[in-house]
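Step one of this worksheet: look at the structure below.
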Amino acid sequence: MLDINKIKEIIPHRDPFLLIDEVIELEPGQRVVALKHLAEDEDWFRGHFPGMPVQPGVLMIEMLAQAGAVCVLSLPQNKGKVAYFAGIDKARFKRKVLPGETLRLEVEIIKSKGPIGVGQATAYVGGEKAVSAEITFALGKD
């Protein structure tokens, strides 16, 4: 649905910190499903961990946050704004995620009041849950 260039039109993230590759489902302000294809040569795998690379959990949370940002910032009234992290709650890591796997990043906006909102975020590999969390965001202009 949205390729990397369309994603860049919505969120301000850029390499090396743009951590989603495509959006495959989008209901602006409600729900999003995005993908991150973990290349075997992702820079962080060199140090996490040498000889036994594992996807860092905090980067999976960031991937979910970026997907959520696409969801919220795709609303016309939020165009040009930035979605800042305001909190992470109930984070749970359920499985190791390895180079070569694809993360399916699902975020549903469950609360929204003014510039503050909460998304229920879950990442899957295949049909298996890898991580889940509630992510709180705050919208700002800069």
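With a 4.5 Å cut-off on side-chain heavy atoms, M63 and L38 count as touching. When side chains are defined from C-beta on, V23 does not count as touching D3, because their heavy atoms never get closer than 4.5 Å. Within the 4.5 Å cutoff, the side chain of T136 has no heavy atoms near those of the F85 side chain. Looking only at side-chain heavy atoms (C-beta outward), V97 and M60 come within less than 4.5 Å of each other. Side chains of K79 and L73 form no contact here, defined as non-hydrogen atoms less than 4.5 Å apart. The closest side-chain heavy-atom distance from I116 to F137 is not below 4.5 Å. Counting heavy atoms from C-beta on, the side chains of I24 and M1 never come closer than 4.5 Å. Within the 4.5 Å cutoff, the side chain of L2 has heavy atoms near those of the V70 side chain.
Under the rule for a salt bridge (charged side-chain N to carboxylate O under 4.0 Å, His left out), the partners of E128 that lie at least two apart in sequence or sit in another chain are R95. Residues passing the side chain to side chain donor-acceptor pair (under 3.5 Å) test with H48: none are found, sequence neighbours excluded. D41 meets the side chain to side chain contact (heavy atoms under 4.5 Å, CB included) test with A39; sequence neighbours excluded. L18 is linked by a side chain to side chain contact (heavy atoms under 4.5 Å, CB included) to I4, I7, K8, I11, H13, D15, I20, Q66, counting only residues two or more places apart in sequence or in another chain. Evaluation of the side chain to side chain contact (heavy atoms under 4.5 Å, CB included) rule for A123 yields L64, L103, L105, V131 as partners, not counting sequence neighbours. Take P12 and apply the side chain to side chain contact (heavy atoms under 4.5 Å, CB included) test, not counting sequence neighbours, and it matches V82. Legend: residues meeting salt bridge (charged side-chain N to carboxylate O under 4.0 Å, His left out) with R14, ordered by chain and number and at least two apart, are absent.
The OG atom of S74 sits 10.0 Å away from the CD atom of Q30 when rounded to the nearest 0.5 Å. To the nearest 0.5 angstrom, K36 atom NZ is 9.5 Å from L59 atom CG. Separation of atoms OG (S132) and CD (Q120) is listed at 6.5 Å; rounding is to 0.5 Å.
L98 and P53 make their closest contact through CD2-O, 3.6 Å (heavy atoms, listed as atom of the first residue, atom of the second, distance). Residues A69 and A83 come closest through the heavy atom pair CB-CB, 3.9 Å. Contact between R31 and C71 at its shortest, heavy atoms only, is N-SG, 3.3 Å. Across all non-hydrogen atoms, the minimal contact from A133 to A91 is CB-CA, 3.8 Å.
Linking ILVMFWY residues whenever their side-chain heavy atoms come closer than 4.5 Å, directly or via other members, leaves V118 and V32 in distinct clusters. Cluster annotation: F17 and L35 are assigned to distinct hydrophobic clusters (Ile/Leu/Val/Met/Phe/Trp/Tyr, side-chain heavy-atom contacts under 4.5 Å, transitive). In terms of hydrophobic clustering, with Ile, Leu, Val, Met, Phe, Trp and Tyr side chains grouped at heavy-atom distances under 4.5 Å, L26 and Y124 are assigned to different clusters. Put simply, M52 and V54 are part of the same group of oily side chains (I, L, V, M, F, W, Y) that touch within less than 4.5 Å, one to the next. Linking ILVMFWY residues whenever their side-chain heavy atoms come closer than 4.5 Å, directly or via other members, leaves I109 and V33 in distinct clusters.
L75 shares a hydrophobic cluster with no other residue; no ILVMFWY side chain has heavy atoms under 4.5 Å from its own.
Every pair passing side chain to side chain donor-acceptor pair (under 3.5 Å) that includes a residue from residues 105-114 is listed here, sequence neighbours excluded: R104-E106. Applying the salt bridge (Lys or Arg N to Asp or Glu O under 4.0 Å) test to every pair with at least one member in residues 44-70, sequence neighbours left out, gives these pairs: D43-R46. Applying the salt bridge (Lys or Arg N to Asp or Glu O under 4.0 Å) test to every pair with at least one member in residues 81-94, sequence neighbours left out, gives these pairs: K90-E134. Residue pairs meeting the side chain to side chain donor-acceptor pair (under 3.5 Å) criterion with at least one member in residues 52-61, sequence neighbours excluded: W44-Q55.
There is no side-chain donor-acceptor pair under 3.5 Å between H37 and E101.
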